[in-house]
Amino acid sequence: MKFEGIAASPGIGLGPVVRFEPEELVPGDVMLEGAQVGDEIARFHAALAASRRDLESIRNGIAAELGESEAQIYDAHLLMLDDPELRRDVEHGIRTARRSAGHLFRAYMSRIAAHLQSLEDEHLRERRADVLDVERRVLRHLLGGGPRRIERLERPSIVVAHDLPPSEVALLDRRNVVGFVTEVGSRTSHCAIVARGRGIPAVVSARGVLQSVKNGDLGAVDGFLGRFDVNPNETERLDFERRREWSEQEDRSLLELHDQPAVTLDGHAVELGLNLELPAEATGVVEAGADGVGLFRTEFFYLNRLELPTEEEQYRAYREVAERVAPRTVIFRTMDLGGDKVASYLGMTHETNPFLGWRGIRFALHHPDVFRAQLRALYRASAHGRARVMFPMVTSEAELLRALELCREARAELDRRGQAYDPRLPLGIMIETPGAVWMADVLARHADFFSIGTNDLTQYTLAMDRDNERLSHLYEPLEPSVLRSIGHSVGAAKRAGHWVGVCGEMAGDPRTAVLLVGLGVNELSMSSFDLPRVKSAIRRVRFDDARAMAAEALALSSADAVKALLRSRLDRVLSAGGAKGAR
Ligand code: PEP
Ligand code: MG
């Protein structure tokens with residue numbers, strides 16, 4: 001069986017399939033015989049103990065790979081298991097009412113969930129999700145199912161799901177998840193972006209896949225071509241293995257470029273940055289041969305947890321990143337919550353059009369206290385390395401001015417406290433909306449630099465949801481309207497004497513990267529997989545030629561024409577070695 005989907009994260013993964021689907025956990029309500037009471041209490045305690053062991057091992061694994069802050073949510077779950085009232089209530093019910101532990105436990109947790117649901121405080125209300133999570137974990141043990149399969153993978157496997165939220169992908173066990181396939185999503189959904197950041201091969205938008213596979217089938221994920229094969233025959237399996245070997249070999253040959261700069265044949269230098277989501281990834285900058293971090297998505301700090309991170313906690317994490325990346329520069333993007341990144345404890349609720357809703361800078365400005373705490377943490381971290389800060393989703397001058405005012409307030413507070421920070425910390429913006437493109441000259445008066453977020457800029461310029469797999473063949477950053485928006489923004493930055501980068505996914509494709517260099521950007525920021533390929537491409541072209549090609553592209557009338565231009569100018573030049581890319 002073969003599925004065609006979208007190539008979301010490069011690499012080849014081969015292994016047994018593990019289906020990941022929502023479960024029904026309903027314990028039976030049986031009356032116990034007197035003689036069964038002791039056993040039932042023991043079964044209840046055993047389920048709590050087993051849940052505790054799962055949680056501790058997940059917690060420690062996550063703390064080791066991703067850091068303490070990501071692991072904290074599990075501390076709160078452990079506390080719930082230790083609730084003495086819970087134990088008393090269930091034991092009492094087993095003894096006196098002779099009901100089953102599962103039934104009583106579920107009733108107790110439902111009462112707590114209902115109580116939380118009734119509270120005024122939005123934040124407490126949202127903790128209900130965690131109560132339900134703990135409930136399901138214990139019930140799985142009571143009903144004999146053990147932990148969720150995705151959590152207890154014992155060997156390298158392929159996860160197949162309808163959908164995986166980015167927060168879930170951030171926590172996948174990388175050693176045992178060698179690839180995943182989802183039925184929905186697109187190349188620029190954050191689920192795909194996190195997979196690329198973590199080096200997990202992935203195919204998204206593979207329709208109907210979940211109902212067609214069984215646990216234990218052999219799955220082969222081709223994250224280069226967007227293919228997923230189930231139970232391939234021997235020849236096909238060998239082909240997958242050969243391609244995996246070829247890709248590893250290509251990685252090894254690209255290693256030679258590690259210490260080389262990204263300079264064109266005629267001497268034009270381009271900076272190459274990494275896009276990161278988690279503090280633990282900051283060690284990869286030197287390894288990837290990058291000049292710095294062009295985009296650190298701080299919002300992942302706010303996900304997978306029950307309550308706001310404190311200023312202190314954020315400071316420690318950002319400081320660690322700044323120190324690891326120094327003497328190179330890290331550009332921290334302030335919280336870009338909303339869209340597909342939802343922190344329910346901040347009161348985010350369902351919206352009909354979340355990407356057009358309470359998102360990015362407008363969300364941060366609605367929570368000035370939360371935003372100020374992040375800004376103070378970032379400023380304090382700036383004393384320990386070379387940092388810059390930028391704001392996402394800016395649409396108007398007023399938003400930028402308000403954000404800059406909050407920065408002033410953050411600095412004033414640090415002055416009062418006598419805490420160190422970099423007083424010249426550059427403050428920039430992302431260009432991601434048509435509003436920002438057309439006001440770029442005005443925004444450039446207040447911002448120190450621009451970074452063009454082409455994922456969102458494409459989405460908003462073409463009015464196409466970046467997550468909608470039905471539109472994925474039309475969602476195209478090479479549309480001339482998007483290229484003209486980029487060209488216009490670069491022009492405004494240059495006229496103001498500002499540095500300008502691109503941190504959307506198109507910066508990581510060797511051909512479009514050359515086009516962006518021709519459009520005049522100073523920096524390209526991407527995943528660690530893409531970086532050596534883009535570096536190799538830049539080293540094979542002349543800047544003069546890239547500029548001429550970009551000028552031609554701006555005058556074309558369709559994305560197809562732009563693609564044909566890139567193929568005719570670059571295919572021969574780039575195919576003579578490692579820069580071919582795998583797409
Ligand atoms: C972008 O929109 O291009 C970008 C880099 O930001 P994100 O993908 O996190 O929205
Ligand atoms: Mg964006």
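Counting starts at 1 for both ligands and their atoms, in listed order. What you see is a predicted model, and the numbers here were worked out from it, not measured in a lab.
- For E505, no heavy-atom contact with ligand 1 is shorter than 4.0 Å.
- Remark: ligand 1 and E299 share no N or O pair separated by less than 3.5 Å (distance only, no angle test).
- Atoms of ligand 1 lying under 4.0 Å from at least one heavy atom of D456, given by number and element, are 1 (C), 2 (O), 3 (O), 10 (O).
- At a 4.0 Å heavy-atom cut-off, ligand 1 touches R466 through the side chain alone.
- Here the heavy atom of the protein found nearest to atom 7 (P) of ligand 1 is H190 NE2, 3.3 Å.
- For ligand 1, the atoms sitting less than 4.0 Å from at least one non-hydrogen atom of M430 are 4 (C), 5 (C), 6 (O), numbered in the order shown with element in parentheses.
- Residue I193 approaches ligand 1 through these ligand atoms, each under 4.0 Å from one of its heavy atoms: 8 (O).
- The single protein non-hydrogen atom nearest to atom 9 (O) of ligand 1 is R297 NE, 2.7 Å, given as residue, atom name and distance.
- For atom 2 (O) of ligand 1, the nearest protein heavy atom (residue, atom name, distance) is E432 OE2, 2.8 Å.
- Judged by distance alone, the side chains of Q314 and Y302 do bring a donor and an acceptor atom under 3.5 Å apart.
- Look at D441 and R495 and you find no salt bridge, because none of the NZ, NE, NH1 or NH2 atoms lies under 4.0 Å from a carboxylate O.
- Ligand-side atoms of ligand 1 in range of R359: 10 (O), range being under 4.0 angstrom from any heavy atom.
- Y379 and R411 share a donor-acceptor pair across their side chains, judged by distance under 3.5 Å alone.
- Side-chain atoms of T454 never come within 3.5 Å of backbone atoms of L457 as a donor-acceptor pair (strictly under, hydrogens ignored).
- For ligand 1, the atoms lying closer than 4.0 Å to a non-hydrogen atom of L295 are 5 (C).
- For the Mg ion (ligand 2), the nearest N, O or S atom contributed by D456 is named OD2.
- When the Mg ion (ligand 2) is compared with the N/O/S atoms of E432, atom OE2 turns out nearest.
- Other residues, nucleotides and ligands contribute only 12 or fewer heavy atoms inside 6.0 Å of the CD atom of E287.
- The C503 neighbourhood of ligand 1 comprises atoms 5 (C), with distances under 4.0 Å to a heavy atom of that residue.
- At a heavy-atom distance under 4.0 Å, no atom of T188 approaches ligand 1.
- Salt bridge status for E277 with R198: absent, with no side-chain N to carboxylate O gap under 4.0 Å.
- Side chains of T395 and E399: a donor on one and an acceptor on the other come within 3.5 Å.
- Neither side chain, D163 nor T182, offers a donor N or O lying under 3.5 Å from an acceptor on the other.
- Side chain of D448 to main chain of G428: no donor-acceptor pair is present (N/O by atom type, distance under 3.5 Å, no hydrogens or angles).
- Of the N and O atoms on the side chains of Q374 and T298, at least one donor lies less than 3.5 Å from an acceptor on the other residue.
- The single protein non-hydrogen atom nearest to atom 6 (O) of ligand 1 is R333 NH1, 3.0 Å, given as residue, atom name and distance.
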